[in-house]
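The next block holds one structure in the form of structure tokens; read it before the comments.
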Amino acid sequence: MAILVDESTRLLVQGITGREGSFHTQQMIEYGTRVVAGVTPGAGGREVHGVPVFDTVAEAVAATQPNVSFVAVPAPFAPDAILEAADAGIPLIVCITEGIPVLEMVRVYHAVRARGVRLLGPNCPGLISPGKAKVGIMPGFIHTPGPVGIVSRSGTLTYEVVWALTRAGIGQSTAVGIGGDPVIGTSFVDVLEMFQHDPETQAIVLIGEIGGADEEAAAEYIRRSVTKPVVGFIAGRTAPPGRRMGHAGAIISGGRGTAAEKIAAFEAAGVPVAERPAQVAELVRQVLERR
Amino acid sequence: MAILVDESTRLLVQGITGREGSFHTQQMIEYGTRVVAGVTPGAGGREVHGVPVFDTVAEAVAATQPNVSFVAVPAPFAPDAILEAADAGIPLIVCITEGIPVLEMVRVYHAVRARGVRLLGPNCPGLISPGKAKVGIMPGFIHTPGPVGIVSRSGTLTYEVVWALTRAGIGQSTAVGIGGDPVIGTSFVDVLEMFQHDPETQAIVLIGEIGGADEEAAAEYIRRSVTKPVVGFIAGRTAPPGRRMGHAGAIISGGRGTAAEKIAAFEAAGVPVAERPAQVAELVRQVLERR
Amino acid sequence: MDLHEYQAAEIFGRYGIPVNRGIVARTPEEARQAAEQLGGRVVVKAQVHAGGRGKAGGIRLANDPAEAEAAASQILGMEIRGRTVRKVLVAPAVAFDREYYLGVVLDRDARRIVVMASSAGGVDIEEVARERPEAVVREHADPFLGFLDYQARRLAFRLGIEPDLVRGFAAIARQLYQVYVDCDASLAEINPLVLTRDRTWMALDSKMVLDDNGLFRHPDLADLRDTEEEDPLEREARLAGISFVRLDGTVGCIVNGAGLSMATMDAIKLYGGEPANFLDIGGGASAQRVAAALRIVVADPNVRSILVNIFGGITRGDVVAQGLLEALREVDVRVPIVIRLVGTRQEEGRRLLEDAGFTVVDTMEEAAERAVAAAKSQ
Amino acid sequence: MDLHEYQAAEIFGRYGIPVNRGIVARTPEEARQAAEQLGGRVVVKAQVHAGGRGKAGGIRLANDPAEAEAAASQILGMEIRGRTVRKVLVAPAVAFDREYYLGVVLDRDARRIVVMASSAGGVDIEEVARERPEAVVREHADPFLGFLDYQARRLAFRLGIEPDLVRGFAAIARQLYQVYVDCDASLAEINPLVLTRDRTWMALDSKMVLDDNGLFRHPDLADLRDTEEEDPLEREARLAGISFVRLDGTVGCIVNGAGLSMATMDAIKLYGGEPANFLDIGGGASAQRVAAALRIVVADPNVRSILVNIFGGITRGDVVAQGLLEALREVDVRVPIVIRLVGTRQEEGRRLLEDAGFTVVDTMEEAAERAVAAAKSQ
């Protein structure tokens, strides 16, 4: 098992004829993901890497029954694409688009939830269940199957941690990048809950960063409801307050959202926090051995 | 028993200091309804007919725990008042206001439903459970307690039918006026379902009129799910198509919504349809005797 | 409230919809000048609140200004379904390849706004919907998010519109939806929306009906009412807050409540008569409202008797009776009146009316029967 | 993107918010003229993207034009938190009885917009919120219905505002919310919102921050950017699509990804160094982006060594290496560079870089350690 994506994943790619959409479609197919359809309005009838393209999600759904959609369309059109997938009843939508106005995401977030659909992202690398399916832009080769679930707000930092785990001989059940924007569809807590219930996942790595209070909420959730061991990492210990560090989310304001606060919250929840990404692998080995 | 309102009703009146609000508050108190609070922004601290007035619904709820709200504020402010009551968690909102733009009601309808709250109206006379509680503008004296549930899109026409029943010695469990606007919070079907489950109600009278397809939907619902006897009446047999008959809803368009269609639908569902309001009483007597 | 084609087109144009701009003319001479100004072939179209103006001869092609003048003189003054044509719209004649239908309306059953489109434009869309339902495609707007871009595109794809034309079609559909919402419309319609010979979209006919209840927040739109064309009695009724629809019968009706008014009309028919009108004085029964209603009803020369049916309810019967008497003193009524009155203390009310010499009855059925008999004996 | 007070006030005014209109001056002479034009007492306020301008002496009262000129000459050219004041706003001095705070911001935890108000206006609201949370009242806007009238009124009632003033306060709160939504703002704030001596509401200071991601749909707002005040390196970074924040250390960083950039900074600190900047070149690692990043980093005279940390991921290591070499040929780099590179075919990439004489290491930790050592030995 794994969470969210696996061998049963039937993927739709929205924006499949675009540069990003086409490239990552190829990458995902090469990894072994079953890409069943693509959508680009006006490109219906074409094929991209052997995948049939439709004008609308509704048509793609009727013809190919996808159960996950990968949204790779530019920011001005991404909210519409997410809603089109949600209205068509696709239960999991992964949006990698960056630069979506945050107020658009407020509406989309609540609209998608009201439809009972799960959105991952936007501005996230996607997710991968190593050896089963990759629905994202991460390099597949750094992953290996195994017992560790990973959830992160970051992209390349996650790769760094995964790479350290893989090199240490520790595989991953699923690695989920929830995205770094202020408003995202799926939170740390949502993913922690799924890992807690996934029999294959034996330990969890949570990679957070400064800004917001999602890590604090995650720590509280772990304290109350997660029985599996969790290892944490927080980026931005040295970031000065009041300046935005790239991610729209990574900003310390009003003394809230500092790394110190987040680390303290994790430690209070019994979660060891690594000082360096590579140290995550050591801590994971320890918690796995202790089990 | 009865449906929606009874001895346990604790009523809030929104717009209590207005002409309509104040007058009907007095009438409802005289009928025996427990009016626990009123709201008029800026009039907090006053009293109307002995009822304490608050500035906001939230304050009124905290202080007096109402479970029904009666909205009697002018059309430009009524949607806001309904949403204020819904957000404060009042489970039943009765709105008598006429003249609310229909597109406002589209938003309000869906917002109220999403909050799990029941709205009756707008542009409706309200409802009464004779001898228990009156939350509406109908004349109380024409009603008498008994076994017949009444649901209607009309105001004075309902009084006409109730009066005929009362004079024939047939009492009512609850009489519900759902309102004649194109978009209303509670439909015939909603009320039929409640009457079906109300042990006190032994027969149901449905008073419809031309326009829309609510009567047809009600007939279909009766055929499938109502085991209690139902008697129907449809106003507008002689109305010409294409002209609006007072109610925003009462218009025959595109050959749909005629009295003939509605009567046929009822008859197909085994519902006898009276030709005259007074005849309703005769038909109800017959169905009650047959039980 | 209905808008004229030229008014709707003006509003649609403000939202970016490509409309066929024309010039309004009130005289044949003005029509000729308009045609001169526009140049080329023109269409001259009656501007009147009545359907079927095409079949009635209210739309004519003109090759030159002289023909436009002639066409206008034929159309102006024409009666279409009881309405006199007082204005024409002179617009360029447009050559096109295909005609579509595009409309926005409320779907009562779904409690949502629905955008409808069809490739069978230019004809009665209700007929198309009845006979070939698959020829009309629909998208329901989300009550909170509105009509989304993907929905507008989907309409186009489902009509088989070519990829290069989809964006333009979708834009117009979204603009029409926005007009509808912003104006509190109950109908916004382009029929036909044509694809011109040079592959551009153009709205050839624009139609819009506004929700009367929304007018209070659109004073600019309320000002567009064509009071000139309005029936004077309907106008008086509107200003008095009375719902009034003129019919063909002989029994005038004055009732409080729309449902009860319709039921009263039905009762008149049941007893062999024909109602002269639908008339709802609304809640309560003030003397002024009743007087206005009486004035409106007696102004109809077909009326042979009047049925007043007031279910006073909470209002005391004697108060209603006094109001009625006041109104009856004010208005000169020369036909028999049958009054039916219910309310608290209705006996006192009846007595007051009977003392003044009026026929007062107990039930609506009896009232209808008597009013019909009175109308027939006149 | 930050707006200046005068820009925010201009926008707020368009939405009907009563703002204290002033005149922008770039010289003491212009400030004197502005004071003459306004008449009476004025305030002269620094227009600069930095907080705490009051404490820094950037706001002065002036009784007459001469005093305004003097105040402006003191303020113009002043450095406030590293920013040079180049403009002042001259506005009428307003006598008031009470100061309120009113602000609109995103509540990330609730994924909703929140409107906040306090009767403790005129001071740092974050401090008020920390120390006396009950003094700040909040209403979350509905994601679909927006900020409703009853919510705006409730804010006022909860602050104990008198009934006759509630409507005005509520109107301003709703207008501010509308500004926020319409402009894709991330902050819209009036502090203080004052009740003047004659019991009218007035916004004495206006503040607005825009969501950079929303600027593409507001070209008019994007044009309000004060490029004059922007740090030239931050400007170059912005135009190159690079996230860059200048810091005080000596180790320059070039990293792809915001989280990895922060982790790299943390690693530098862990090994006893200080990062000179945060710099995220974003996804991929094109030669142009890397070249721009190099230019930005070497322009900082404090930089003693540079750490390039690229997790190429899907991008092939040799392609990234070639891009890096291209960039390094283009930019004159006189400090040691430590490169860390991961990607498919990373060995080929490493070989290319090593052949060109660069230090390439395997892990981020090693890279940080080496870069810190290099900076210290310079």
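Chain A is the first sequence line, chain B the second, and so forth, proteins listed ahead of strands; every chain is numbered from 1. Note that the coordinates shown come from a computational prediction; the quantities given were computed from them, not determined experimentally.
Separation of atoms CZ (D:Arg108) and CG (A:Asp181) is listed at 9.0 Å; rounding is to 0.5 Å. In this structure, OG1 on D:Thr363 lies 8.5 Å from CZ on A:Arg276, to the nearest 0.5 angstrom. The line from CG of D:Asn213 to CG of A:Leu103 is 10.5 Å long, rounded to the nearest 0.5 Å.
For A:Tyr109, the part lying under 4.5 angstrom from a heavy atom of chain D is the side chain only. For chain D, no part of A:Pro125 is nearby; none of its heavy atoms comes within less than 4.5 Å. Contacts between A:Ile234 and chain D at a heavy-atom distance below 4.5 Å involve the backbone alone (N, CA, C, O). The contact between D:Asp211 and chain A is made entirely by side chain atoms (from C-beta outward), counting heavy-atom distances below 4.5 Å. Heavy-atom distances place the side chain of A:Ile142, and not its backbone, under 4.5 Å from chain D. Only the side chain of D:Asp109 comes within contact range of chain A, with heavy atoms under 4.5 Å apart. Of the atoms belonging to A:Ala217, not a single heavy atom falls under 4.5 Å from chain D. Contact of D:Ala237 with chain A is not made at all, since no heavy-atom distance falls under 4.5 Å.
Put simply, the side chain of A:Glu160 never gets that close to the backbone of D:Leu260: no donor and acceptor are under 3.5 Å apart. Side chain of A:His110 to main chain of D:Arg111: a donor-acceptor pair is present (N/O by atom type, distance under 3.5 Å, no hydrogens or angles).
Using a 4.5 Å heavy-atom threshold, the side chains of A:Pro240 and D:Leu247 count as touching. Residues D:Glu365 and A:Gln279 fail the side-chain proximity criterion, which asks for heavy atoms closer than 4.5 Å.
Between chain A and the options D:Ser186, D:Ser261, D:Gly312, D:Gly343, the largest number of non-hydrogen pairs under 4.5 Å is found for D:Gly343.
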